[in-house]
2 protein chains.
Amino acid sequence: MSLTESKQNRHPGNYVPKQPVHIECSIEKALDVIGGKWSFLVLRELFGGTKRFGELQRSISSISPKSLTDTLRHLEENGVLERTAYPTVPVTVEYTLTPKGEDLHRMLKEMKLWAAKWC
Amino acid sequence: MSLTESKQNRHPGNYVPKQPVHIECSIEKALDVIGGKWSFLVLRELFGGTKRFGELQRSISSISPKSLTDTLRHLEENGVLERTAYPTVPVTVEYTLTPKGEDLHRMLKEMKLWAAKWC
DNA sequence: CAGTATCCCTCCAGATACTG
DNA sequence: CAGTATCTGGAGGGATACTG
């Protein structure tokens, strides 16, 4: 599945659905949030606490900066994480899960349980 | 996300990962099963009981036969559904969830709960 | 009925290079 | 450091026609 986003396109060339799709708020929405190729890997890292861009890039084997940015942006737009920039030199940026993001934990846990049982 | 499959390629041109990927048996595996564009829509139908190819095609808005076949095959390979063909004329084919497939229900339910709470 | 077989084309992932 | 800008191949999905 691919990721979708709102009409106003902040990200040239990425995450634009073929046709604007009305996402009914249910499984489809949940899958939109975690279904991306990298989403749950980023989330997994953030469950361990606040992380910086570089940290994420290093801990997620060879994700390109573009893919990481796209994924982070998509998660941010869906309100599961928060981006905070500190005006240091050079810039410092931190990513933290929101309560909505933390709450994904139960969902992910069910997935692990299912896989553990059947695979 | 896209779907992945085993090395022996039964489906020309579809569901072939760019590089063969070792799927660790966890969230990744669960996402591989339900993460496809059509997978959970097919599953949703089958939770309501056994269905035939044509029924699925009609109830899932305008899915092409090719995509439906691909999705069903992928779900079958992952052991979440079973295909049964009856030698009638014309052919009758039924798709039914396996226990492994039925058990996806808890997972899907968690997704709905999350979405209901936060969206 | 339940699929294959093709063609075709979109469009996104990943690589690379660059920058405030 | 934390990203953009740009280019590209090829998967993956639709449309259509056909068949056991």
Side-chain angles (χ1 to χ4, degrees), chain A residues 1-5 9-21 32 35-39 41-42 45 50-76 81-96, chain B residues 1-5 9-21 32 35-39 41-42 45 50-76 81-96:
Chain A
M1 130 237 37
S2 37
L3 307 175
T4 54
E5 65 167 11
N9 184 3
R10 284 176 56 195
H11 316 300
N14 286 310
Y15 295 141
V16 182
K18 301 182 179 184
Q19 295 105 10
V21 178
D32 179 51
K37 183 173 182 183
W38 302 103
S39 297
L41 291 170
V42 170
E45 294 303 316
T50 296
K51 294 274 186 311
R52 299 175 57 179
F53 189 90
E55 288 182 283
L56 291 171
Q57 194 171 11
R58 264 171 273 120
S59 53
I60 300 174
S61 67
S62 71
I63 186 176
S64 70
K66 177 169 159 296
S67 298
L68 182 53
T69 306
D70 290 344
T71 305
L72 288 169
R73 219 63 100 192
H74 183 249
L75 293 172
E76 188 190 358
L81 63 75
E82 202 168 24
R83 197 190 99 115
T84 317
Y86 300 97
T88 54
V89 178
V91 199
T92 302
V93 179
E94 286 185 349
Y95 293 93
T96 315
Chain B
M1 123 211 350
S2 42
L3 307 175
T4 53
E5 66 169 10
N9 184 5
R10 285 177 57 193
H11 315 303
N14 286 310
Y15 296 141
V16 182
K18 299 182 181 185
Q19 294 107 10
V21 179
D32 179 50
K37 182 173 180 181
W38 303 103
S39 298
L41 291 169
V42 170
E45 294 304 316
T50 297
K51 294 274 185 314
R52 299 174 57 180
F53 189 90
E55 289 182 283
L56 291 171
Q57 193 171 13
R58 262 171 274 119
S59 54
I60 300 174
S61 67
S62 69
I63 185 175
S64 70
K66 177 169 159 294
S67 297
L68 182 53
T69 306
D70 290 345
T71 305
L72 288 169
R73 218 63 98 192
H74 183 248
L75 292 172
E76 190 191 356
L81 63 75
E82 201 166 25
R83 198 191 98 113
T84 317
Y86 300 97
T88 54
V89 178
V91 200
T92 303
V93 179
E94 287 185 348
Y95 294 92
T96 315

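What you are looking at is a predicted structure, and each value in this text was computed from that prediction instead of being measured.
- One finds a side-chain N or O of A/Arg73 lying less than 4.0 angstrom from the OP1 or OP2 phosphate oxygen of D/dT4.
- In terms of heavy-atom proximity, A/Val91 sits nearest to A/Arg52 at O-NH2, 4.2 Å.
- Listed nucleotides: C/dG3, C/dC1, C/dA15. Nearest to the side chain of A/Lys66: C/dA15.
- By the 4.5 Å heavy-atom criterion applied to side chains, B/Leu56 and B/Leu41 are not counted as neighbours.
- Taking the side chain of A/Pro65 as heavy atoms from C-beta on, and the options C/dG3, C/dA17, C/dA13, the nearest nucleotide is C/dA17.
- Residue B/Arg52 has its side chain nearest to C/dA2 when only C/dA2, C/dT4, D/dG14 are considered.
- In this structure, A/Tyr95 does not reach the D/dC1 phosphate: none of its side-chain N or O atoms is under 4.0 Å from OP1 or OP2.
- Counting to the nearest Å, the P atom of C/dA2 and the CZ atom of B/Phe53 are 8 Å from each other.
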Close N/O contacts between protein and nucleotides 18-20 of chain D (under 3.5 Å):
none

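- Shown here for A/Glu45 and A/Lys51, the closest heavy-atom pair between the two residues is O-NZ, 3.5 Å.
- In this structure, B/Ser67 reaches the D/dG14 phosphate: one of its side-chain N or O atoms is under 4.0 Å from OP1 or OP2.
- Taking each heavy atom of B/Gln57 and B/Pro65 in turn, the nearest pair found is NE2-CD, 3.5 Å.
- Atoms CG (B/Leu72) and C1' (C/dT4) sit 14 Å apart, rounded to a whole Å.
- For the residue pair A/Phe53 and A/Leu72, the shortest heavy atom distance occurs at CD1-CD1, 3.8 Å.
- With rounding to whole Å, B/Lys37 atom NZ is found 13 Å from C/dC12 atom C1'.
- Considering only side-chain atoms of B/Trp38, the nucleotide from D/dG14, D/dG3, C/dG3 that sits closest is D/dG14.
- The CD-P distance, from A/Glu76 to D/dA2, rounds to 15 Å in whole Å.
- Across all their heavy atoms, B/Val93 and B/Ala85 have their closest contact at CG2-CB, 4.1 Å.
- The side-chain contact (heavy atoms from CB on, under 4.5 Å) test with B/His74 is passed by exactly one of B/Asp32, B/Thr69, B/Val42: B/Asp32.
- For the pair A/Ile60 CD1 and D/dG3 P, the computed distance is 13 Å after rounding to whole Å.
- Counting heavy-atom neighbours within 6.0 Å of A/Glu82 CD, excluding the residue itself, gives a total of 12 or less.
- Rounded to whole Å, atom P of D/dA2 lies 10 Å from atom CG of A/Leu68.
- Two residues are said to be in side-chain contact when any heavy atoms from C-beta on lie closer than 4.5 Å; B/Trp38 and B/Asp70 fail this criterion.
- For the pair A/Arg83 and D/dA2, the criterion of a side-chain N or O lying under 4.0 Å from OP1 or OP2 is not met.
- One can place CG of B/Asp70 at 9 Å from C1' of D/dG13, the figure rounded to the nearest angstrom.
- Side-chain atoms of A/Ser59 come within 3.5 Å of backbone atoms of A/Glu55 as a donor-acceptor pair (strictly under, hydrogens ignored).
- Across all strands shown, A/Tyr86 has no heavy atoms under 4.0 Å from either base or sugar-phosphate atoms.
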Worksheet item: What dot-bracket string describes DNA chain D from 5' to 3', counting Watson-Crick and G-U wobble pairs whose defining distances are under 3.5 Å, with [ ] for crossing pairs and | for pairs to another strand?
Response: ||||||||||||||||||||
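- When the nearest nucleotides of DNA chain C are assigned to A/Ile63 and B/Gln57 by heavy-atom distance, the more 5′-ward of the two goes with B/Gln57.
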